[in-house]
Amino acid sequence: MSDTQSFNITNMRNFFSRKEMERLFIDCPVIKLKKNSVIYQTDQILTDVFWVSEGIVEVYIPGREGHKQIVAIHYPDSIVGEIESLFGEPCGLNCLALKNNTVVHKCNIEVFYNRVLENGLMRQWVSMLAGKTHSNVLQLATVSLDDCEARVRAYYNNNLTHQQLADLIGCSRVQVTRVLNNRNYYNKTEE
């Protein structure tokens with residue numbers, strides 16, 4: 001499997017161009033983050049949407065004893081928090097920066113929604129929300145039904161550490177490393 005294929009699975013794709021993002025987030029606060037800085041947490045009721053213009057962020061469900069299940073990895077030009085801010089209750093998810101110098105732009109959901117309407121981008125926004133829902137359904141099916149090797153094959157992305165990949169697919173880091181070190185794995189992915 002190529003990086004492009006796995007990138008589409010782990011990355012929650014945005015349906016807006018960079019120019020459209022700049023219009024949607026014009027005059028919004030810009031936040032510069034260090035690695036592991038929190039953007040939002042489980043107990044928050046979100047009222048804002050965030051545009052990741054630089055860096056990488058992860059959205060995850062925290063578990064017991066420090067374990068977590070990653071829901072999505074967001075790369076530059078992704079939008080995060082829009083589903084949670086529409087929900088109107090504590091979001092149940094954590095979102096944090098995975099790299100130093102991550103830059104996010106923060107926009108109130110009502111302002112964002114009105115800008116989507118004013119710019120004629122509602123169809124794109126609904127498509128993006130549907131795409132994220134579809135990706136989460138596929139991720140749930142993969143984590144529920146496939147063994148660790150199949151999960152690694154489906155989600156492998158060389159931008160992720162072995163631990164980040166393990167958190168994404170619900171395996172241990174040791175299992176992920178074993179699969180990746182297996183020569184047969186690389187032969188199968190090149191076919």
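Numbers here simply count residues along the sequence, with the first being 1.
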Those residues that, when tested against E82, pass salt bridge (Lys or Arg N to Asp or Glu O under 4.0 Å) (two or more places apart): K132
E110 backbone acceptor or donor facing N114 side chain under 3.5 Å: yes
Shortest non-hydrogen contact from F112 toward L24: CE1-CD1, 3.9 Å
Validation row: V49, F25 side chains within 4.5 angstrom (heavy atoms): yes
Closest non-hydrogen atom pair, C148 against V179: SG-CG2, 4.4 Å
Criterion side chain to side chain contact (heavy atoms under 4.5 Å, CB included) against I39, the qualifying member of I31, V59, L96, V104: V104
Gap between atom CD1 of I45 and atom CD of E89 - 0.5 Å precision: 7.5 Å
Minimal non-hydrogen separation, M128 against I79, with atom names: CE-CD1, 3.9 Å
R115 CZ: over 12 foreign heavy atoms closer than 6.0 Å: yes
Test log, rule side chain to side chain contact (heavy atoms under 4.5 Å, CB included), inputs L180 and H162: CA-CA 9 Å; L180 291 174; H162 290 194; 3.3 Å; yes
Backbone N/O of S17 and side chain of E20: donor-acceptor pair under 3.5 Å: yes
Nearest atoms (heavy-atom pairs only) where V176 meets C171: CG2-CB, 4.2 Å
Qualifying side chain to side chain donor-acceptor pair (under 3.5 Å) pairs, either residue in residues 45-59, two or more places apart: W51-D77, S53-H105, E58-K68
Interatomic distance, Y40 atom OH to C95 atom SG [nearest 0.5 angstrom]: 4.5 Å
Hydrophobic cluster membership, V126 vs I109, 4.5 Å side-chain cutoff: yes
Enclosure of N101 CG (heavy-atom neighbours >12, cutoff 6.0 Å): no
Over all atoms of both residues, closest heavy-atom pair of P62 and G92: CD-O, 4.0 Å
Linked, directly or transitively: V116 and V111 (ILVMFWY side chains, under 4.5 Å): no
NZ-CG distance between K99 and N36, expressed to the nearest 0.5 angstrom: 12.5 Å
Distance, nearest 0.5 Å, that separates CG of L46 from CD1 of I83: 11.5 Å
R123 atom CZ, neighbour heavy-atom count above 12 within 6.0 Å: no
Smallest separation among heavy atoms of N94 and Q41, with atom names: OD1-CA, 3.3 Å
Hydrophobic cluster identity match, L117 and M21, side-chain contacts under 4.5 Å: yes
Straight-line distance of T177 OG1 to N182 CG, nearest 0.5 Å: 12.5 Å
Steps toward side chain to side chain contact (heavy atoms under 4.5 Å, CB included) verdict (L93, E84): CA-CA 8 Å; L93 300 168; E84 293 81 6; 2.7 Å; yes
Shared hydrophobic cluster for V71 and V38 (ILVMFWY, side-chain gaps under 4.5 Å): no
Approximate separation, where rounding is to 0.5 Å, of R23 CZ and F16 CZ: 10.0 Å
Hydrophobic cluster identity match, I26 and V103, side-chain contacts under 4.5 Å: no
